[in-house]
Amino acid sequence: MRTEEVLAAIETGLWYWDNAAGSVTLDAEAARLFGLAAEPTVMAESAMRSHFHPVDWNEIAAIVGLAVAEDTLAEARLRIVDSTGRVLRTVRSRCKPTVKTLPDGTQDFEMIGTVQEVSEPRPGTAVEGTSITGDWRRSREAFLLDAGRALAEARSTNEVLRVAASLSMPGFSPDGLAVFSVSGDRLRIIGHHGHDAGDVGPFEDMQLNTDYPAAEAVRTGRAIYLPTPEAYESRYPTTWQYVQRFDRHSWAFVPLVVAGRTLGTWMAAFKHRVAFSPDERSVLTTVARMLAQALARAGVAESERELSLGLQRSMMPTIGPEIPGMMVAARYVPTGGGLQVGGDWYDMIPLPGAGPGRGRFALVIGDVQGHDVRAAGLMGQLRIALRAYASEGHRPDAVLSRASRFLAGLQLYPGRDGGVMGGAEGHLGAVGGATGGGGRLGGTEGGPAAGPLSDEEEYAASGPRFATCLYLEVDPERGTLDIARAGHPDPVILSADGTAVIRQTAGGLPLGIETDSDYPTTRLDLEPGETLMLCTDGLIETGGHDLATGWTRLRPVMEEHGGGSLERLADALVQAVHGPTSHYTTGPLVDRREDDIALLLLARDRTPAPATRPKARRTALTVAQAEPERIAGARRQLRQLLHDWTDAEQIDSAELMVSEMLTNVLVHTDNDALLVAEARGEPGERRLRVEVADTSDQLPHRRRPGELASSGRGLLLMEMLADAWGVDPRGEGKSIWFELYEGGDTES
């Protein structure tokens with residue numbers, strides 16, 4: 001009896017599918033089962049497709065592709081329909097696809113197999129070892145979507161492994177998982193679940209030629225399915241002795257392949273029997289593919305992160321030895337992008353003649369435009385140059401002038417006409433409103449245009465970079481600070497009584513804009529118990545803030561945490577911008593971590609004060625003849641000094657009198673004016689004293705201006721608004737002063 005007759009006797013048909021020719025050959029029994037006349041038939045693949053349920057046709061295409069890739073049998077349940085779409089019967093097909101080479105050198109597959117009718121199970125029953133359609137298929141698709149989303153969001157290898165361990169596959173969840181990684185000619189476990197720490201000892205590190213399913217899956221690039229313990233023992237007797245004690249009954253070892261490269265193997269072990277039907281193999285293969293891609297992404301991200309952190313550690317200096325009478329704290333927070341170091345930096349430099357822990361030193365903080373690789377490189381070079389100029393003993397203004405010339409010269413590049421273009425000439429538009437003599441920049445971030453450009457194209461597209469910087473020399477014994485500023489935000493002083501005030505200082509253009517820039521020096525006194533804050537604009541403007549609203553956000557933090565640990569104050573300032581509380585804000589002013597942050601805090605030790613000595617806060621400012629616009633800044637500083645004063649009318653009066661006193665000096669003398677304001681005492685009983693001094697010997701006189709006079713009312717205003725006032729001659733010049741008493745008249 002022939003094979004065809006035997007198969008026909010048990011109602012089993014044969015069919016042959018030639019994918020390259022697009023034809024299907026059926027014997028008589030197969031033709032009957034597929035709803036055709038019971039005779040041998042050859043038909044086109046497109047005609048054959050009309051006899052299958054559309055869902056099942058798509059399913060068998062995926063199953064055949066999986067069988068070709070794994071060199072295994074393709075098994076599927078197919079619903080046969082008539083011309084009206086009514087289901088005639090359900091058949092089961094088992095086929096063996098083989099790959100053949102065509103005359104033109106391309107490869108395709110052909111498949112030969114059997115087909116027989118099966119009875120549909122009653123609702124609520126399951127057929128072991130068969131492909132289940134319907135609800136199970138929908139559950140599988142939902143599971144794969146969730147698994148893909150979770151693996152795509154994992155940012156590290158540990159996160160990927162945690163997601164893999166939490167996967168719950170519909171209908172056949174594994175009880176044990178392990179991920180093996182290839183390293184050279186060895187295979188190592190990088191994560192496992194469902195095993196104790198000591199259980200994986202024999203498998204932690206092995207040669208690739210080991211007789212073990214995970215190693216073979218890497219060598220061949222094909223999945224290995226072991227549905228029974230007997231199958232495992234007969235195929236891998238050497239390693240079975242280590243596996244049998246785990247009480248597992250089925251295993252799947254699926255290679256982790258990305259872009260044709262095998263990264264390792266994923267093992268799924270089951271305590272129940274799994275037939276590894278095509279549907280189940282399809283799920284396992286899809287999960288392995290997503291797992292491999294997630295591990296590859298995590299590996300690249302971790303390598304970049306380690307490189308960036310190493311670059312950050314090498315570029316960010318540590319704060320030097322302790323300075324008697326002073327404390328220093330610093331923070332650097334990178335942007336949330338891929339590169340973990342950008343253009344922001346800080347430094348602490350011992351000056352010539354200053355031994356360890358004593359003498360003068362310099363603090364530097366700055367921000368190179370952008371937070372990319374080029375910004376980081378320029379930052380490193382500029383930091384080294386500043387340290388070199390400071391170590392030569394130059395004053396702050398000379399240090400910044402030389403640094404600006406260095407940065408401008410560093411960025412010379414050949415122009416398209418063959419000439420050489422200056423690093424900053426003609427590019428003032430990139431500064432975004434920087435002006436001389438105290439111009440401030442709201443932000444310095446920018447960067448090269450996106451796209452695969454060459455070095456010269458990238459440079460031409462992005463233009464030369466500039467940098468903001470603030471450099472100050474510190475004399476620890478006297479508490480003096482000599483400050484030079486290049487387009488950088490002004491420093492902030494936190495007084496001994498907990499009031500934070502922005503101290504305006506003279507400034508120049510950012511570094512690199514011009515080769516010959518002038519940077520005037522401002523001297524401040526850091527009183528005992530006061531704290532100086534220097535920061536880059538990332539701390540102020542992150543989250544859509546500008547300089548004004550950003551300072552409004554930071555001032556309460558400084559005043560609340562000032563007076564304690566300097567380290568805790570630094571953490572609180574960063575936390576206010578990037579911590580959980582910053583996420584509570586909705587709208588445009590929220591945490592976006594779009595810029596780096598560099599922060600420096602300098603505090604002078606609080607000296608013991610007599611118990612009767614009242615608390616004081618103080619500010620000082622020089623207004624030059626050439627800078628009358630600084631009168632407005634003096635008013636702002638005075639208002640900040642009195643931000644918690646109980647009588648708002650007295651604050652307005654103080655602002656008015658300060659404007660009159662400063663204007664009087666600038667109009668009637670040829671000298672600069674020095675403003676010193678001090679508020680002393682307990683809240684509610686404080687005394688404000690404001691002095692404006694100049695070097696002119698000409699004393700002011702009280703006049704009686706007419707109705708239409710535009711001047712001459714300064715002393716009259718002081719007599720009307722001040723609780724006390726006067727003019728004091730000095731050795732060189734004079735001092736005009738007034739006092740206001742919070743809460744009414746106070747005896748001197």
Side-chain angles (χ1 to χ4, degrees), residues 59 62 65-66 69-70 132 134-182 188-197 200 214 217-218 223 225 248 250-272 274 276-306 308 336-338 340 578 580 583 590-593:
E59 192 73 17
L66 180 64
E70 297 183 347
I132 305 173
D135 293 340
W136 188 90
R137 182 179 292 134
R138 287 190 291 272
S139 299
R140 181 196 68 183
E141 292 171 354
F143 159 75
L144 292 176
L145 286 174
D146 291 340
R149 185 182 303 110
L151 288 171
E153 293 174 354
R155 292 292 178 264
S156 67
T157 300
N158 288 335
E159 290 182 16
V160 173
L161 296 176
R162 281 198 298 271
V163 171
S166 66
L167 296 179
S168 179
M169 301 180 192
F172 66 114
S173 292
D175 303 282
L177 298 171
V179 177
F180 298 82
S181 175
V182 177
R188 297 183 174 88
I189 288 183
I190 61 174
H192 62 88
H193 174 69
H195 307 88
D196 295 332
V200 298
V218 171
Y225 300 104
R248 303 285 200 271
S250 299
W251 297 262
F253 293 84
V254 189
L256 302 173
V257 182
V258 175
R261 184 169 64 95
T262 303
L263 305 179
T265 303
W266 175 48
M267 183 205 75
F270 305 83
K271 285 188 176 180
H272 58 280
V274 178
F276 295 118
S277 66
D279 273 318
E280 292 163 342
R281 296 203 308 272
S282 176
V283 170
L284 291 168
T285 303
T286 303
V287 172
R289 189 180 302 118
M290 293 188 298
L291 181 60
Q293 292 171 349
L295 287 172
R297 287 193 302 269
V300 172
E302 288 173 345
S303 298
E304 292 179 349
R305 191 178 304 117
E306 183 61 29
S308 297
Q340 295 297 306
H578 281 174
H583 295 275
V590 295
D591 172 34
R592 289 199 293 268
R593 193 169 292 204

Nearest non-hydrogen partners of Ala217 and Phe253, listed with the distance: CB-O, 4.1 Å
Please give me the minimum heavy-atom distance between Val254 and Ala288, naming the atom from each residue. CG1-CB, 3.4 Å
Residues in side chain to side chain donor-acceptor pair (under 3.5 Å) contact with Arg188, at least two apart in sequence or another chain: Ser183
Minimum side-chain heavy-atom gap Phe180-Val218 below 4.5 Å: no
Residue pair Leu295 / Val179, side-chain heavy-atom distance below 4.5 Å: yes
Non-hydrogen atoms of Val258 and Gln293 that approach each other most closely: CG2-N, 3.7 Å
With respect to Leu291, which candidate in Leu263, Leu177, Val160 satisfies the side chain to side chain contact (heavy atoms under 4.5 Å, CB included) definition? Val160
Ignoring hydrogens, what is the shortest heavy-atom contact between Asp175 and Arg248? Give both atom names and the distance. O-NH2, 3.5 Å
In Ile190, Thr157, Thr265, the residue satisfying side chain to side chain contact (heavy atoms under 4.5 Å, CB included) with Ser181 is Ile190
Which heavy-atom pair separates Ala269 from Trp251 by the least distance, and what is that distance? CB-CD1, 3.7 Å
Would you call Phe276 and Leu284 a side-chain contact if the rule is heavy atoms closer than 4.5 Å? yes
